[in-house]
Amino acid sequence: PSIDESRFRYLIRSFPFDAVAWGVSLPLAMLLRFESLTSDVSWGHIGWVIALAIALQLFYGWFLMLYRGRYLRGSFESLRTLISVTALVGITIWVLDLMFPDFIGIPRTVPVIATALAALFMGGIRYLDRYNRQRHSKPDPTGDPVLLYGAGQVGDHLARQMMTDS
């Protein structure tokens, strides 16, 4: 596959789950904020904020190369960038809510709660993906044995890669 193809696959694998995470996190944050009293929740405003969060997630994620295949899926670098992107989305929504409270229409604590929940959900999804990939990757039984001598920490990393890559 070409580089553009692999980047597109990376976007398709990651972004829909991140969008769903925002779609779950914001209503859940509203329910937590109002202590499950659904009569106090402004559901019309939350739909608009979900759409805004998803658009911002795509924008910041594309800009910081989270969805362009720069990082290995499930790596610590990918997780660090994911947390940064999610925090930027939450901060942007929070600032917009401060500046335009009637337009955004949600309590100021909701973006903070939702950001933490979204980051937890997105990180959890990536962890499960990484765990599943590691669990199913096995060494080739027909491969030749290899001796790595004197390579230290890099050798340990290389041996793990050789045992799990097909």
[atom2] on [Y] to [atom1] on [X], rounded to 0.5 Å:
X	Y	atom1	atom2	value
Ile113	Leu26	CD1	CG	10.5 Å
Trp94	Met99	CH2	CE	12.0 Å
Leu64	Tyr71	CG	OH	7.0 Å
Tyr127	Asn132	OH	CG	11.0 Å
Leu88	Ile83	CG	CD1	11.5 Å

Task: Result of checking Leu117, Ile50, Thr86 against Ser25 for side chain to side chain contact (heavy atoms under 4.5 Å, CB included) - done: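 The passing option is Leu117.
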
Open item on the list: I want to check something: taking the side chain as every heavy atom from C-beta on, are Met122 and Phe17 in contact at a cut-off of under 4.5 Å?
Closed with: no

Open item on the list: Does any part of the side chain of Tyr60, heavy atoms only, come nearer than 4.5 Å to the side chain of Thr92, both counted from C-beta?
Closed with: yes

Open item on the list: Applying side-chain hydrogen bond (donor to acceptor under 3.5 Å, both in side chains) to Ser14 and Tyr67, what does each step give before you reach the verdict?
Closed with: CA-CA 7 Å; Ser14 302; Tyr67 301 125; over 6 Å; no

Consider only side-chain heavy atoms of I, L, V, M, F, W and Y, link residues closer than 4.5 Å, and tell whether [X] and [Y] are in one cluster.
X	Y	result
Val112	Leu32	no
Met30	Leu52	yes
Val49	Leu96	yes
Leu120	Ile93	no
Leu79	Phe15	yes

TODO: Please report the shortest heavy-atom distance between Pro111 and Pro107, naming the atom on each side.
DONE: CD-O, 3.3 Å

- [ ] Can you see which heavy atom on Ala114 is nearest to which on Ala29, and at what distance?
- [x]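 The answer is N-CB, 3.6 Å.
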
Open item on the list: Would the distance check show the side chain of Arg70 and the main-chain N or O of Met65 forming a donor-acceptor pair, the cut-off being under 3.5 Å?
Closed with: no

Open item on the list: List the residues meeting ring-ring contact (aromatic ring centres under 6.0 Å, His included) with Phe103, not counting sequence neighbours, and say none if there are none.
Closed with: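 Expected list: Trp48.
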
TODO: Return each pair, listed once, that meets side chain to side chain donor-acceptor pair (under 3.5 Å) where at least one residue sits in residues 96-119; pairs must be two or more places apart or across chains.
DONE: Arg33-Thr109

TODO: May I ask you to say whether Asp18 pairs ionically with Arg126, meaning some side-chain N is under 4.0 Å from a carboxylate O?
DONE: yes

TODO: Applying side chain to side chain contact (heavy atoms under 4.5 Å, CB included), run through Ile125 and Asp129 and close with a yes or a no.
DONE: CA-CA 6 Å; Ile125 290 167; Asp129 178 50; 5.7 Å; no

